[in-house]
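Below is one structure; the comments refer to it alone.
Just the heavy atoms: all of them, side chains too, but no hydrogens, waters or symmetry mates, feed the values below. Numbers restart at 1 for each chain; the letters A, B, ... are given by sequence-line order, proteins then strands.
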Number of protein chains: 2
Amino acid sequence: MEKRKRQRLESAGWVVGSTTDFLGLSDEEAALVEVKLGLASAVRKQRSRRRMTQAQLGRLLGSSQSRVAKMEAADPSVSIDLMVRSLLRMGASRKDVASYISMPTPRRAA
Amino acid sequence: MEKRKRQRLESAGWVVGSTTDFLGLSDEEAALVEVKLGLASAVRKQRSRRRMTQAQLGRLLGSSQSRVAKMEAADPSVSIDLMVRSLLRMGASRKDVASYISMPTPRRAA
DNA sequence: GCCCTAGATGTCGAATCTGACATAAGATGC
DNA sequence: GCATCTTATGTCAGATTCGACATCTAGGGC
């Protein structure tokens, strides 16, 4: 799968403002990646605010440490559904989730 | 699957403000359903604004009429990912998606 | 009545996502 | 150095979601 690889590279780093142009991501693909990145960083932020390890969060979610790691890395193998469910489980509201999605996603801040 | 049935009933109607309590949905399950309902109605709204049929939208998405119908019905077999991708494909922005998620979801308006 | 269009619903094989496990890599304390 | 804790990454069998198709209902024009 071509798209998965591109997405993985994309999420892995470097692009700052708009996620387009690094490799030929269409606008919607880019937007989708940005949605996922926002959720991914929200998961990490909420977890660390609660001072939980990935393993603890995994248990709380009925999942595993590795899946949490993949969520936070916005791995292409994790669905938006899973990330949203995780945030809700950590006590986020629908509005919180929405704000995570619309927030800009700066990465690799210098 | 127990949960799926409840979710189907839930989405099918009647509940107005909070989706809790109709049957023992936990708070997060209820919130997740509300997220899906918001996206589902957004898909319908965007599609009809564009005066497209479900079949046309299905083709635009590389999918089918029946899947579009299920999306708009917030069928448990459709993922948030698919609904978000559909909205983005119809030209919605990340912020638009976020607002659909946080909007209240009145249904069956008298 | 019959046809046509739009939408709803059920089913199925294929594709994707999931939890679990193993294992590696980084960081910290000794 | 080496334990220990935490996070990252790869893999895989089982679960979920996918597009597609068939089928049904509702409505309108004739």
Side-chain angles (χ1 to χ4, degrees), chain A residues 1-13 29 32-33 35-37 39-41 43-89 107-108, chain B residues 1-13 29 32-33 35-37 39-41 43-86 89 107-108:
Chain A
M1 287 278 109
E2 235 279 275
K3 198 151 72 175
R4 298 175 77 86
K5 186 160 201 178
R6 273 193 284 147
Q7 188 179 349
R8 167 161 300 189
L9 283 171
E10 196 62 63
S11 341
E29 283 172 327
L32 186 66
V33 171
V35 166
K36 285 188 165 191
L37 285 168
L39 293 170
S41 80
V43 169
R44 172 156 302 181
K45 189 161 72 179
Q46 288 302 316
R47 174 177 65 84
S48 77
R49 164 171 322 185
R50 285 149 195 280
R51 309 203 187 292
M52 301 175 79
T53 66
Q54 293 181 341
Q56 287 172 325
L57 178 55
R59 241 174 287 122
L60 175 65
L61 301 173
S63 181
S64 60
Q65 178 267 325
S66 57
R67 196 127 294 273
V68 173
K70 284 172 226 259
M71 265 196 260
E72 296 183 353
D75 186 283
S77 86
V78 337
S79 68
I80 294 180
D81 295 65
L82 184 62
M83 296 194 275
V84 169
R85 260 188 265 117
S86 303
L87 289 168
L88 295 175
R89 175 68 62 107
R107 266 151 289 118
R108 301 276 175 189
Chain B
M1 284 280 109
E2 235 280 274
K3 197 153 72 176
R4 298 175 77 85
K5 185 159 203 178
R6 273 191 284 147
Q7 187 179 348
R8 167 161 303 190
L9 284 172
E10 196 62 63
S11 339
E29 283 172 329
L32 186 65
V33 170
V35 166
K36 284 188 165 190
L37 286 167
L39 293 170
S41 79
V43 168
R44 173 155 303 185
K45 190 161 72 179
Q46 288 301 316
R47 174 177 68 84
S48 77
R49 165 169 321 183
R50 285 150 196 280
R51 309 205 188 294
M52 302 175 78
T53 66
Q54 292 181 342
Q56 288 172 324
L57 178 55
R59 243 174 285 122
L60 175 64
L61 301 174
S63 181
S64 59
Q65 178 267 326
S66 57
R67 197 128 291 272
V68 172
K70 284 172 227 261
M71 263 195 261
E72 296 182 353
D75 186 283
S77 86
V78 338
S79 67
I80 294 179
D81 295 66
L82 185 62
M83 297 194 274
V84 169
R85 261 189 263 115
S86 303
R89 176 66 65 106
R107 264 152 290 119
R108 301 278 174 189

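For DNA chain C, the residues of residues 63-71 of chain B within the heavy-atom distance limit of 4.0 Å (strictly under) are Q65(B), S66(B), A69(B), K70(B), sorted by number.
For the pair E72(A) CD and dT9(D) P, the interatomic distance rounds to 12 Å; values are reported in whole Å. Between the C1' atom of dA8(D) and the CZ atom of R47(A) lies a distance of 12 Å, rounded to the nearest Å. Across the protein-nucleic acid pair, Q54(B) atom CD and dT23(D) atom P stand 19 Å apart, rounded to whole Å. In this structure, D81(A) atom CG and dT16(C) atom P are separated by 16 Å, rounded to whole Å. Counting to the nearest Å, the C1' atom of dG10(C) and the CG atom of D75(B) are 10 Å from each other. The CZ atom of R85(B) sits 12 Å away from the C1' atom of dA15(C) (whole-angstrom rounding). When rounded to the nearest whole Å, the span between CG of L57(B) and C1' of dA8(C) equals 16 Å. At whole-Å resolution of the value, CD in Q56(A) and C1' in dT6(D) are 11 Å apart.
Contact annotation for G58(A): no contact, since no heavy-atom pair falls under 4.0 Å across all strands.
For the OP1/OP2 pair of dT6(D) and a distance below 4.0 Å, the side-chain nitrogens and oxygens of R51(A) include no atom meeting the criterion. Considering only side-chain N and O atoms, R59(B) lies nowhere under 4.0 angstrom from the phosphate OP1 or OP2 of dG19(D). Residue S79(A) places no side-chain N or O under 4.0 Å from the OP1 or OP2 atom of dT16(C). The phosphate of dA8(D) (OP1 or OP2) has a side-chain N or O of R44(A) nearer than 4.0 angstrom.
Atoms OG and CE, on S77(A) and M71(A) in that order, are 10.0 Å from each other to the nearest 0.5 Å. Put simply, OG on S48(B) and CG on L57(B) are 11.0 Å apart, with the number rounded to the nearest 0.5 Å. Note that CD of Q46(A) is 11.5 Å distant from CE of M52(A), once rounded to the nearest 0.5 Å. Separating the CG atom in L82(A) from the OG atom in S79(B) is a distance of 12.0 Å, to the nearest 0.5 Å. If you take CD1 on I80(A) and CE on M83(B), they are separated by 10.0 Å, rounding to the nearest 0.5 Å. Put simply, CZ on R85(A) and CG on L61(A) are 9.5 Å apart, with the number rounded to the nearest 0.5 Å.
The two residues A74(B) and L37(B) have their closest heavy-atom pair at CB-CD2, 3.9 Å.
Counting heavy atoms from C-beta on, the side chains of V43(A) and L39(A) never come closer than 4.5 Å.
Looking at DNA chain D, the stems built from 3 or more consecutive Watson-Crick or G-U wobble pairs, each pair with its key distances under 3.5 Å, are C:1-30 with D:1-30.
Applying the side chain to side chain donor-acceptor pair (under 3.5 Å) test between Q54(B) and each of E72(B), R67(B), K70(B), R59(B) identifies E72(B) as the sole match.
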